[in-house]
Amino acid sequence: MITIEEHKDLRPLTTFGVPANARYFCRISSLTALEHLIQHPIYLNNTRFILGGGSNVLFTHDYNGLIIQNLLKGITIRYESDDLIELEVMAGEVWHDLVMHCVHHNWGGIENLSLIPGTVGAAPIQNIGAYGVEVKEVIKSVTGINLETGLLRTFLNHECEFNYRDSIFKSKLKENFFISSVTLTLSKKTHRINTSYGAIHDVLKQQHITTPSIQQVSDAVIQIRRSKLPDPTVLGNAGSFFKNPTIPLAHYQKLQKSFPEIPGYTSVNQEVKVPAGWLIEQCGWKGKRVGNVGVHTQQALVLVNYSNGSGAEIFSLASQIILSVKEKFDITLICEVNIK
Ligand code: EPU
């Protein structure tokens with residue numbers, strides 16, 4: 001059986017905490033419930049949006065369609081050897097709870113992704129990443145229902161078209177694929193500890209840790225995130241609002257003449273990735289408050305809702321930031337957050 005609610009208040013369901021109502025709203029706790037939903041007239045006659053933990057979406061107005069919240073739960077061991085473990089994790093599990101579960105069992109691979117808000121099902125959609133690791137490195141497959149055809153399908157890692165903060169689920173299959181579970185391959189013994197990211201290295205050095213455990217890496221990441229990123233339960237936000245842009249090397253070299261200290265990480269094909277936080281800070285936005293919303297004091301990539309801000313106010317602030325970065329650096333920032 002399914003229950004479809006009307007005029008649902010979405011404020012508590014997104015980490016930005018902005019006011020918005022959904023015309024229709026349905027929680028899905030089993031695949032049978034989803035099968036019922038996709039035959040329902042309200043589903044068939046409305047646009048839809050799949051919600052996980054609400055940590056990467058900004059509602060700028062009421063949603064005049066059906067919001068489907070993925071609440072599928074469960075973790076199952078699918079395969080285990082001396083050195084590897086394969087976990088099938090249902091999409092509605094909370095990502096950080098999964099990380100803590102794995103750290104507790106000393107299963108390695110996602111400890112650098114500690115404290116990222118959101119659900120397991122959302123992780124492959126934007127290929128979440130932090131501190132030198134992207135989730136694509138441990139994903140074996142992603143399973144779900146194609147909402148156009150109603151068919152169950154499993155995408156193997158190479159079929160997911162993973163990229164920086166991108167995947168097939170965010171492009172070709174956007175809003176058309178309901179992820180039911182994600183299967184991860186994690187290490188049990190031979191861990192690939194990744195402390196290459198400067199900030200982790202610094203924290204571990206301060207603590208005189210030279211050969212860190214999975215737990216110690218996770219603790220370091222949590223410490224860094226708590227110092228830089230606002231806790232969404234205290235201050236509304238959705239993590240990085242923009243992606244770090246990639247620009248042609250020639251453009252980067254031109255900018256270096258006017259801004260010799262511009263940071264950049266060379267990626268492939270003569271392109272350079274520039275931290276958007278630096279660009280935004282250079283335009284004077286860091287820590288700036290505009291009415292009820294603003295730019296975080298510690299990390300200019302994060303927009304925050306101080307109190308009672310609206311999605312439209314946050315979007316307007318984002319638009320002003322995009323404009324000033326374009327004017328100063330001739331770089332167009334792209335939103336990482338899903339704007340609705
Ligand atoms: N920087 C500034 N000012 C700022 C912020 C950053 O100058 O206000 C510059 C500094 O030069 C710093 C560099 O940017 O050295 C990188 O900053 P940071 O390590 O904080 O990382 P980021 O590139 O700003 C990305 C991810 C974060 C992730 C961190 C750590 C994106 C869009 N963001 O931020 O992801 O936690 O790296 O790996 O790629 C998220 O996606 O929600 C998120 C928080």
Side-chain angles (χ1 to χ4, degrees), residues 14-16 52-58 95-96 99 110-119 122-137 162-167 170 194-203 217-218 220-232 235-247 252 255-256 259-267 272-288 294-304 314 318 321-322 324-325 328-329 331-338:
T14 71
T15 57
F16 257 128
S55 58
N56 205 44
V57 58
L58 177 68
W95 175 262
H96 181 64
V99 176
I110 52 174
E111 56 282 357
N112 293 45
L113 306 179
S114 297
L115 219 59
I116 294 187
T119 55
I125 298 177
Q126 58 152 354
N127 181 23
I128 57 169
Y131 307 104
V133 171
E134 287 184 334
V135 76
K136 72 171 184 188
E137 292 160 42
F162 287 126
N163 231 311
Y164 168 60
R165 292 296 193 277
D166 203 11
S167 73
K170 202 175 166 182
N194 185 332
T195 56
S196 57
Y197 208 84
I200 301 189
H201 187 79
D202 296 347
V203 168
V217 173
S218 168
V221 168
I222 290 173
Q223 186 180 328
I224 299 160
R225 286 189 78 97
R226 289 215 166 113
S227 70
K228 278 200 169 185
L229 297 166
D231 177 351
L235 193 57
N237 77 90
S240 302
F241 197 91
F242 305 99
K243 287 191 197 185
N244 284 333
T246 300
I247 58 172
Y252 182 75
L255 286 172
Q256 267 182 322
F259 309 97
E261 72 293 2
I262 184 171
Y265 316 98
T266 315
S267 39
V272 180
K273 191 186 271 186
V274 183
W278 185 88
L279 299 170
I280 298 167
E281 184 173 348
Q282 295 302 306
C283 293
W285 287 106
K286 192 171 185 173
K288 211 167 207 181
V295 179
H296 190 48
T297 47
Q298 303 298 317
Q299 164 58 286
L301 252 189
V302 179
L303 305 190
V304 295
I314 292 168
I321 291 172
I322 291 172
S324 52
V325 169
K328 196 172 172 103
F329 299 103
I331 295 176
T332 305
L333 292 181
I334 306 288
C335 294
E336 190 201 282
V337 167
N338 199 344

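All ligand and atom numbering here is 1-based and tracks the order in the structure.
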request  = Find out whether Asp231 and Arg226 are in side-chain contact, i.e. whether some heavy atom of one side chain is under 4.5 Å from a heavy atom of the other.
outcome  = no

ask   = In the protein, which heavy atom is nearest to atom 38 (O) of ligand 1, and how far is it?
value = Tyr131 N, 2.6 Å

request  = Would you indicate whether the side-chain heavy atoms of Asn112 and Tyr197 approach each other to under 4.5 Å?
outcome  = no

key: Gly239: numbered ligand 1 atoms lying under 4.0 Å from its heavy atoms   = 42 (O)

query = Considering residues at least two apart in sequence or located in another chain, which fulfil the side-chain contact (heavy atoms from CB on, under 4.5 Å) criterion with Gln298?
reply = His296

Contact atoms of ligand 1, heavy-atom distance to Pro263 under 4.0 Å = 11 (O)

query = Can you list the atoms of ligand 1 that are under 4.0 Å from a heavy atom of Ala300?
reply = 4 (C), 8 (O)

remark   = Closest to atom 19 (O) of ligand 1 among protein heavy atoms sits Tyr197 OH, 2.6 Å

task = Look at the side chain of Thr195 and the backbone N and O of His201, then say whether any donor-acceptor pair between them is shorter than 3.5 Å.
result = no

query = Relative to the ring of Phe259, is the ring of Trp278 parallel (under 30°), tilted (30 to 60°) or perpendicular (over 60°)?
reply = perpendicular

request  = State, with a plain yes or no, whether a side-chain heavy atom of Leu303 is found less than 4.5 Å away from one of Val337.
outcome  = no

ask   = Side-chain contact, heavy-atom cut-off 4.5 Å: Leu255 with Ile331?
value = yes

task = Please could you name the atoms of ligand 1 that Arg225 approaches to less than 4.0 Å, counting only its heavy atoms?
result = 36 (O)

query = At a 4.0 Å threshold, what atoms of ligand 1 neighbour a non-hydrogen atom of Glu281?
reply = 2 (C), 3 (N), 4 (C), 7 (O), 8 (O)

ask   = Against heavy atoms of Tyr164, which atoms of ligand 1 measure under 4.0 Å?
value = 31 (C), 32 (C), 39 (O)

query = Can you check whether Gly132's main-chain N or O pairs, donor with acceptor, with Asn194's side chain at less than 3.5 Å?
reply = yes

inquiry  = Return the closest protein heavy atom for atom 34 (O) of ligand 1 as residue, atom name and distance.
reply    = Leu301 CD1, 3.9 Å

inquiry  = Once you restrict to heavy atoms under 4.0 Å, what part of Gln299 touches ligand 1? Side chain, backbone, both or neither.
reply    = both

Taking atom 1 (N) of ligand 1 as the reference point, the nearest protein heavy atom with its distance = Trp278 N, 3.7 Å

ask   = What is the nearest protein non-hydrogen atom to atom 25 (C) of ligand 1, stated with its residue, atom name and distance?
value = Asn244 ND2, 4.1 Å

request  = Report yes if the side chains of Ser218 and Ser114 come closer than 4.5 Å at any heavy-atom pair, otherwise no.
outcome  = yes

Contact check, Gln126 vs ligand 1, heavy-atom distance below 4.0 Å = no

task = Give a yes or no on whether atom 40 (C) of ligand 1 lies under 4.0 Å from any heavy atom of the protein.
result = yes

Residue and atom name of the nearest protein heavy atom (relative to atom 35 (O) of ligand 1), distance in Å to one decimal = Arg165 NH2, 3.0 Å

task = May I ask you to list the atoms of ligand 1 that are less than 4.0 angstrom from any heavy atom of Lys286?
result = 3 (N), 4 (C), 8 (O)

task = Report the part of Phe241 (side chain from C-beta onward, or backbone N, CA, C, O) that has a heavy atom under 4.0 Å from ligand 1; answer both or neither where that applies.
result = neither

task = Check whether any side-chain heavy atom of Leu333 sits under 4.5 Å from a side-chain heavy atom of Pro245, and report yes or no.
result = yes

inquiry  = With heavy-atom distances below 4.0 Å as the criterion, list the atoms of ligand 1 near Pro275.
reply    = 9 (C), 13 (C), 14 (O)

message = Are the side chains of Phe241 and Val295 in contact, using a 4.5 Å heavy-atom criterion?
response = no

ask   = Looking only at atom types and distance, does a side-chain atom of Lys136 sit under 3.5 Å from a main-chain N or O of Ser167, one as donor and one as acceptor?
value = no

query = What residue and heavy atom of the protein are closest to atom 44 (C) of ligand 1, and at what distance?
reply = Ser240 OG, 3.3 Å

query = Is at least one protein non-hydrogen atom found at under 4.0 angstrom from atom 6 (C) of ligand 1?
reply = yes

inquiry  = Which option wins on minimum heavy-atom distance to atom 28 (C) of ligand 1: Gly198, Ala199, Ala130?
reply    = Ala130

query = Below 4.0 Å from any atom of ligand 1, is there a heavy atom belonging to Tyr265?
reply = yes

key: Contact check, side chains of Trp95 and Pro117, non-hydrogen atoms, under 4.5 Å   = no

